[in-house]
2 protein chains.
Amino acid sequence: MSNIRDKQIEEMADFFKALSNPNRLKMFLELVACCMPECVPAARGIETKTETEGCACVGDLGKGLDIVPSTISHHLKELRRVGLIKIQRKGQKIECRINPEALELLQGYFA
Amino acid sequence: MSNIRDKQIEEMADFFKALSNPNRLKMFLELVACCMPECVPAARGIETKTETEGCACVGDLGKGLDIVPSTISHHLKELRRVGLIKIQRKGQKIECRINPEALELLQGYFA
DNA sequence: ACTATATTTCGATATATGTCGAACATTCGA
DNA sequence: TCGAATGTTCGACATATATCGAAATATAGT
């Protein structure tokens with residue numbers, strides 16, 4: 001059992017699960033908006049272009065979400081686990097970026 | 001609180017949650033494949049065109065899923081709850097169809 | 001009326017999820 | 001070296017989810 005199709009289904013199901021929480025979805029959209037402004041779906045409209053182009057740090061992504069830092073961290077870990085985003089330490093801050101390949105899969109799935 | 005944007009986010013999060021279970025995703029894809037063959041994403045390849053065009057009954061959607069009827073029913077109820085599908089009794093069987101508007105939202109979201 | 005088919009509802013159960021707060025880790029600057 | 005800033009990890013807890021099996025419901029055919 002578990003052929004290629006099943007693997008793909010599970011990968012997409014994982015993507016959808018990661019985006020199934022409103023707070024996580026907001027963080028992801030925020031990241032899409034600042035990483036790839038050309039894709040801007042239902043962008044948050046909060047801001048465009050952070051200092052370091054193409055990414056946002058953990059704290060930024062938590063802005064306006066009304067959840068504590070440990071929960072933010074937990075959600076980002078989940079987005080990373082399924083491969084929707086990548087992270088990279090930069091001094092005190094940790095930069096987050098969209099994984100372009102994952103976004104492409106998402107974009108192409110029902111299209 | 002809870003502006004329009006938040007409402008939209010929650011609607012999409014609900015869509016994603018409904019598609020976050022592999023079995024439910026398979027059922028949905030199966031339905032897309034037979035309701036709107038032109039959209040066929042990662043279609044199941046099991047069959048095309050059921051007798052009554054444009055829909056599949058509950059039993060059909062459960063084929064090959066290895067879960068009992070009550071669980072199938074539960075999953076379909078969830079897909080219906082969020083508005084991804086519509087149902088209609090037809091004799092003993094119950095026909096399921098994709099809700100085209102919901103599919104469009106999905107298709108347009110990251111595009 | 002009886003039976004078979006198709007599906008739903010209900011109750012149980014095990015596991016997953018979202019969230020918090022406290023404690024820890026890392027890096028930068030004074 | 002100390003302290004502030006930025007995140008993460010861990011443990012707890014309440015709620016949600018996926019699944020099953022048994023019982024109920026609806027429809028059709030004999």
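Note that this is a predicted model, so its numbers are computed, not measured. Values reported hereafter were calculated over all heavy atoms of this structure, with side chains retained and with hydrogens, waters and symmetry mates removed.
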Chemist: If only atom types and distance count, is the side chain of B/Arg80 paired as donor or acceptor with the main-chain N or O of B/Gly83 below 3.5 Å?
Modeler: no
Chemist: Rounded off to whole Å, could you give me the CD-to-C1' distance for the A/Gln88 and D/dT8 pair?
Modeler: 18 Å
Chemist: Would you check if B/Val82 and B/Lys17 make a side-chain contact, meaning some heavy-atom pair closer than 4.5 Å?
Modeler: no
Chemist: Heavy-atom contacts under 4.0 Å between residues 15-23 of chain B and DNA chain D, which residues?
Modeler: B/Lys17, B/Asn21, B/Asn23
Chemist: Looking only at side-chain atoms of B/Ser73, point me to the closest of C/dT19, C/dT8, C/dG18.
Modeler: C/dT8
Chemist: Answer whether the closest heavy-atom distance between the side chains of B/Glu78 and B/Asn21 falls below 4.5 Å.
Modeler: no
Chemist: For C/dT17, take OP1 and OP2 only and decide whether either is under 4.0 Å from a side-chain N or O of A/His75.
Modeler: no
Chemist: Measure NZ/B/Lys26 against P/D/dT19 and give the value in whole Å, please.
Modeler: 10 Å
Chemist: Can you see if the side chain of A/Arg24 gets near the phosphate of C/dT17 - specifically, an N or O under 4.0 Å from OP1 or OP2?
Modeler: no
Chemist: What is the distance, to the nearest angstrom, from the CD1 atom on B/Ile94 to the P atom on D/dA26?
Modeler: 11 Å
Chemist: Would you check if B/Ile72 and B/Met27 make a side-chain contact, meaning some heavy-atom pair closer than 4.5 Å?
Modeler: yes
Chemist: Distance check needed: C/dT7 C1' versus B/Leu76 CG, whole Å only.
Modeler: 10 Å
Chemist: Would you call the rings of B/Phe110 and A/Phe28 parallel, tilted or perpendicular, taking 30° and 60° as the class edges?
Modeler: perpendicular
Chemist: Can you give one letter per nucleotide of nucleotides 20-30 of chain C, 5' to 3': B if a protein heavy atom sits under 4.0 Å from the base, S if only from the sugar-phosphate, - if neither?
Modeler: BBB---SBS--
Chemist: Do the side chains of B/Leu61 and B/Lys26 get nearer than 4.5 Å, heavy atoms only?
Modeler: no
Chemist: Sort out for me which residue in B/Asn99, B/Leu103, B/Leu76 forms a side chain to side chain contact (heavy atoms under 4.5 Å, CB included) with B/Ile85.
Modeler: B/Leu76
Chemist: Using whole Å, report how far CD1 of B/Ile87 lies from P of C/dT8.
Modeler: 6 Å
Chemist: Between C/dT17 atom P and A/Glu78 atom CD, what is the distance in whole Å?
Modeler: 7 Å
Chemist: Before giving the answer on side-chain contact (heavy atoms from CB on, under 4.5 Å), spell out for A/Arg81 and A/Asp14 the whole-Å C-alpha distance, their side-chain angles and the decisive distance to 0.1 Å.
Modeler: CA-CA 9 Å; A/Arg81 189 185 66 77; A/Asp14 266 353; 4.2 Å; yes
Chemist: Output yes when A/Lys7 and A/Glu10 qualify as a salt bridge under the 4.0 Å nitrogen-oxygen rule, no when they do not.
Modeler: no
Chemist: Measure the distance from CD1 on B/Ile72 to C1' on D/dA18 and round it to the nearest whole Å.
Modeler: 12 Å
Chemist: So, OP1 or OP2 of C/dT9: does either fall under 4.0 Å of a side-chain N or O from B/Lys77?
Modeler: yes
Chemist: Expressed in angstrom and rounded to an integer, what is the separation of A/Arg81 atom CZ from D/dT9 atom P?
Modeler: 14 Å
